[in-house]
Amino acid sequence: MRAQLATDFERFKQRALPRDFPSDVREAYGIDLTGRYLGTTIPHPIGKGSGQLSLNQGQLEVDAEAGLAFAVLKTVIAQDAGGAQSMAAWAIHEAKMKVERRGGGWTVTWKGRGWDRSFEEYLALARVGGDLTRDGHLLVVPSVKYHLPRLGEPFKDSEYAFTTRALATAWGEPLLLLEKDFSPTLAGDALAGEQEQILRWLREVPVHIRAQAAVRLAVKVMNARFDDDFQLEMVRAAAGADALVVFNRLFDAAQGVAYGGPELSERNLRVLGQLTPGATPGIPELSGTGGISSGRMILEYARRGCESVQLHTYFQLPLDEYAATDGSRTQRALHQLVFDPVDGLIAGMLELETQGVLERRGGELHFLDLAANAHHAR
Ligand SMILES: Cc1cc2nc3c(=O)[nH]c(=O)nc-3n(C[C@H](O)[C@H](O)[C@H](O)COP(=O)(O)O)c2cc1C
């Protein structure tokens, strides 16, 4: 199998990775890559996190063609029927992105801004997303940043109502899939200095969203400026969501930017390692994000309970960082994440089998068994 892996890796370097590569992987290696996001079964666990790589229909179509499992749209800032946005400070244009090395890995400068075009344009994109999802081409998930009140202040339900209902209508049947973004810049904001305030948001935001429309809701939990214990407390507070995206980027207060790389994945994995999804009732499905640049790193998140992963930076590297010389950037990234003979998902799962961590069932290794085992082990 290892010889075959080396051959496949070479073969797909020069010709674009086929869209249904998970079937090939199943046939050739007896490996079932099936993952899950927001209760939906996906052919493999790798999706694209919210950001600059999912701003228009063209990007979604390229990703669908590449066989990406899902894409989260850029975060839109909620508004009421009159167009008022209490979080308007985030609806401004992101300065030019810089891909650079930080702490031995890659990171992309991000100030944490949201969608900067009109809400109508976002609805049009959500409509395209609903169609792609229904047609089975690509699972597309809109992302929203809603009003977050100070302690003692009420939520602005007019923004929750208008934005959620408009998105649900644009999306169509059967059920809107939605991510709620608590961006890391919030960690640098005076509003986020208060633990009680953050916990209230995590507890109450899902209730305010669900009051407006039937949705399947993922909450993207930010990395707060507090210790690991508080991070765990945040996860417990957000148990009213259907899924948790764990965890958004770190915030560099001195530079005023959100950053990723190994520092982010180390912290995320450390905190997830302390979580007890099986033993703590009500911890929802987990989707890992942060500093993922290899199949091996995907497995680290999976072994801590994640059933899918959302990458951003890795889909944005200079082209010569990928081994493949043909195909879209998404195809080249997927090729390396899955087929790299040393650090890829297949190589990593075969190694876990050798180590006795993962066992074949019905002759196959199943990616989702890793998260299931993580839940049992605890
Ligand atoms: C340029 C850029 C823009 C981003 N925009 C958003 C956003 O609008 N909403 C959001 O929830 N996350 C956003 N993110 C966070 C990513 O979705 C992702 O969770 C994070 O970058 C960690 O993954 P990575 O280490 O693979 O980049 C953005 C990240 C980058 C680099």
Side-chain angles (χ1 to χ4, degrees), residues 37 45-56 59 63 68 70-78 87 89-117 122 125 141-146 148 178-187 205 217-223 241 243-252 255 257-269 272 286-295 297-298 300-301 306 308-317 321 329-330 333-334 336-337:
Y37 187 47
I46 307 168
K48 206 170 247 190
S50 174
Q52 288 2 64
L53 308 176
S54 42
L55 292 169
N56 58 56
Q59 288 170 322
D63 285 346
L68 189 73
F70 65 97
V72 185
L73 299 182
K74 177 71 189 167
T75 294
V76 71
I77 310 303
M87 309 294 268
W90 278 274
I92 58 171
H93 192 65
E94 185 89 38
K96 195 169 172 0
M97 288 179 292
K98 219 167 58 196
V99 183
E100 57 196 341
R101 290 195 170 273
R102 178 168 182 145
W106 290 95
T107 186
V108 184
T109 310
W110 178 42
K111 289 202 184 287
R113 308 306 186 197
W115 180 260
D116 61 356
R117 286 177 269 149
Y122 196 82
L125 190 59
V141 182
S143 167
V144 183
K145 190 196 290 278
Y146 292 92
L148 298 172
L178 191 64
E179 230 177 65
K180 159 65 186 149
D181 166 12
F182 287 90
S183 268
T185 32
L186 273 176
V205 159
L217 180 66
V219 164
K220 186 161 183 169
V221 184
M222 63 163 150
N223 263 303
L244 301 182
V245 184
V246 285
F247 298 102
N248 214 328
R249 308 184 116 206
L250 296 164
F251 190 69
D252 183 330
Q255 289 187 34
V257 293
Y259 68 97
E263 213 178 311
L264 174 60
S265 50
E266 265 164 43
R267 167 159 162 133
N268 287 355
L269 293 175
L272 285 175
L286 299 175
S287 183
T289 193
I292 297 174
S293 57
S294 69
M297 186 55 88
I298 295 172
E300 293 297 327
Y301 275 91
C306 296
S308 68
V309 286
Q310 314 189 358
L311 290 63
H312 195 286
T313 303
Y314 193 70
F315 286 115
Q316 246 186 322
L317 299 185
E321 288 294 319
R329 213 184 220 88
T330 307
L334 287 173
Q336 199 136 340
L337 291 168

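Every number for a ligand or one of its atoms is a count from 1 in the order of the listing. Remember, predicted model here, so these are calculated numbers, not experimental data.
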With only distance considered, is Gln310 within less than 3.5 Å of ligand 1 through an N or O on each side?
no

When only distance counts, is Ser50 in polar contact with ligand 1, meaning an N/O pair under 3.5 Å?
yes

Whether the side chain of [X] engages the backbone of [Y] through a donor-acceptor N/O pair (distance < 3.5 Å, no angle test) should be reported.
X: Asp181; Y: Lys145; answer: no
X: Ser287; Y: Val245; answer: no
X: Tyr301; Y: Thr289; answer: yes
X: Arg249; Y: Ala258; answer: yes
X: Asn223; Y: Asn248; answer: yes
X: Tyr314; Y: Trp106; answer: no
X: Glu266; Y: Glu263; answer: no

List every atom of ligand 1 that sits less than 4.0 Å from any heavy atom of [X], numbering the atoms from 1 in the order shown and giving each element.
X: Thr313; answer: 24 (P), 25 (O), 26 (O), 27 (O)
X: Leu311; answer: 26 (O)
X: Gly49; answer: 17 (O)
X: Thr289; answer: 18 (C), 19 (O), 22 (C), 23 (O)
X: Gly51; answer: 3 (C), 4 (C), 5 (N), 6 (C)
X: Lys220; answer: 10 (C), 11 (O), 12 (N), 15 (C), 16 (C), 17 (O), 18 (C), 19 (O)
X: Gly290; answer: 22 (C), 23 (O), 25 (O)

For ligand 1, indicate whether the residue Arg249 contacts it via side chain, backbone, both or neither (heavy-atom separation under 4.0 Å).
side chain

Using heavy atoms and a threshold below 4.0 Å, how should the contact between Asp181 and ligand 1 be classified: side chain, backbone, both, or neither?
side chain

Among Gly260, Gly291, Gly114, which one has a heavy atom closest to atom 25 (O) of ligand 1?
Gly291

Between the OG1 atom in Thr75 and the CE atom in Met87, the distance rounded to the nearest 0.5 Å is 11.0 Å

